[in-house]
Undergrad: 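Let me begin by handing over the structure; questions about it come next.
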Amino acid sequence: MSVIPIKRILTILLAVLLALGLLATCSGSSSDTSSLVTPGNPTGDKWSVFIYLCGTDLETTGGMASINVQEMLGVSIPENVKVIIQTGGTEKWAMEGIDPEKLERYEAKDGSFELVGDAPLASMGAADTLGSFLIW
């Protein structure tokens, strides 16, 4: 007869309890959808989406952040949603008109990318830089 160590039994028991907890959370369905948020909701709520787009070397060498912006511009944004994008954190931008020498703020709407503000160049990795964008 083999003896299973207590530590192994506790580990298995904990794994089973976690799995049951996850299954219970996933399977719980509710017919109350009043708390769901949907774009273009009938109550007329207005939403702002802030995108903090740090280009990094992925933008400098491959234009990856610019590709993301182009994809955003291809999406139909509802009237009650404002999308603001702050650019920075790269040596150069593939999209024409974005200045890598400062932080720029754009509004994306109707397929366009309109400059609505800027700030002096700062580290996009610094908490203060993100904070000043959100306060703005």
Undergrad: If you compare all heavy atoms of Leu121 against all heavy atoms of Pro100, which two are closest, and at what distance to 0.1 Å?
TA: CD1-O, 3.6 Å
Undergrad: Do Met95 and Phe113 have side-chain heavy atoms sitting under 4.5 Å apart?
TA: yes
Undergrad: Donor-acceptor pair, distance only, cut-off 3.5 Å: does the side chain of Ser112 make one with the backbone of Glu114?
TA: no
Undergrad: Would you find a donor on one side and an acceptor on the other, under 3.5 Å apart, between the side chain of Ser66 and the backbone of Trp93?
TA: no
Undergrad: Flag the pair Val49 / Ile51 as yes when at least one side-chain heavy-atom distance between them is below 4.5 Å, and no otherwise.
TA: yes
Undergrad: How about Leu58 and Thr60: do any of their side-chain heavy atoms sit closer than 4.5 Å?
TA: no
Undergrad: If you define the side chain from C-beta out and look only at heavy atoms, does anything of Tyr106 sit under 4.5 Å from Ile84?
TA: no
Undergrad: Can you measure from CD (Gln86) to CG (Asp118) and round to the nearest 0.5 angstrom?
TA: 10.0 Å
Undergrad: Looking at Glu59 and Cys54, would you say the former's side chain and the latter's main chain have a donor-acceptor pair under 3.5 Å?
TA: no
Undergrad: Taking Trp47 as the starting point, is it possible to reach Ile77 by hopping between hydrophobic residues whose side chains are less than 4.5 Å apart?
TA: yes
Undergrad: To the closest 0.5 Å, what do you measure between CD1 (Ile98) and NZ (Lys102)?
TA: 12.5 Å
Undergrad: Would you indicate whether the side-chain heavy atoms of Glu104 and Leu115 approach each other to under 4.5 Å?
TA: yes
Undergrad: Got Leu53 and Val69 here, is their nearest side-chain heavy-atom distance under 4.5 Å?
TA: yes
Undergrad: Are side-chain heavy atoms of Leu103 and Met124 found at a separation under 4.5 Å?
TA: yes
Undergrad: Transitively linked via ILVMFWY side-chain contacts under 4.5 Å: Leu73 with Val75?
TA: no
Undergrad: Identify the heavy atoms of Gly55 and Ala65 that sit nearest to each other, and give their distance.
TA: CA-CB, 4.1 Å
Undergrad: Do the side chain of Ser48 and the main chain of Lys82 share a donor and acceptor less than 3.5 angstrom apart?
TA: no
Undergrad: Where the side chain of Tyr52 meets the backbone of Leu130, is there a donor-acceptor pair that is under 3.5 Å apart?
TA: yes
Undergrad: Establish, from distance only, whether the side-chain atoms of Thr129 and Ser123 form a donor-acceptor pair under 3.5 Å.
TA: no
Undergrad: Kindly check if the number of other-residue, nucleotide or ligand heavy atoms within 6.0 Å of CE (Met72) is above 12?
TA: yes
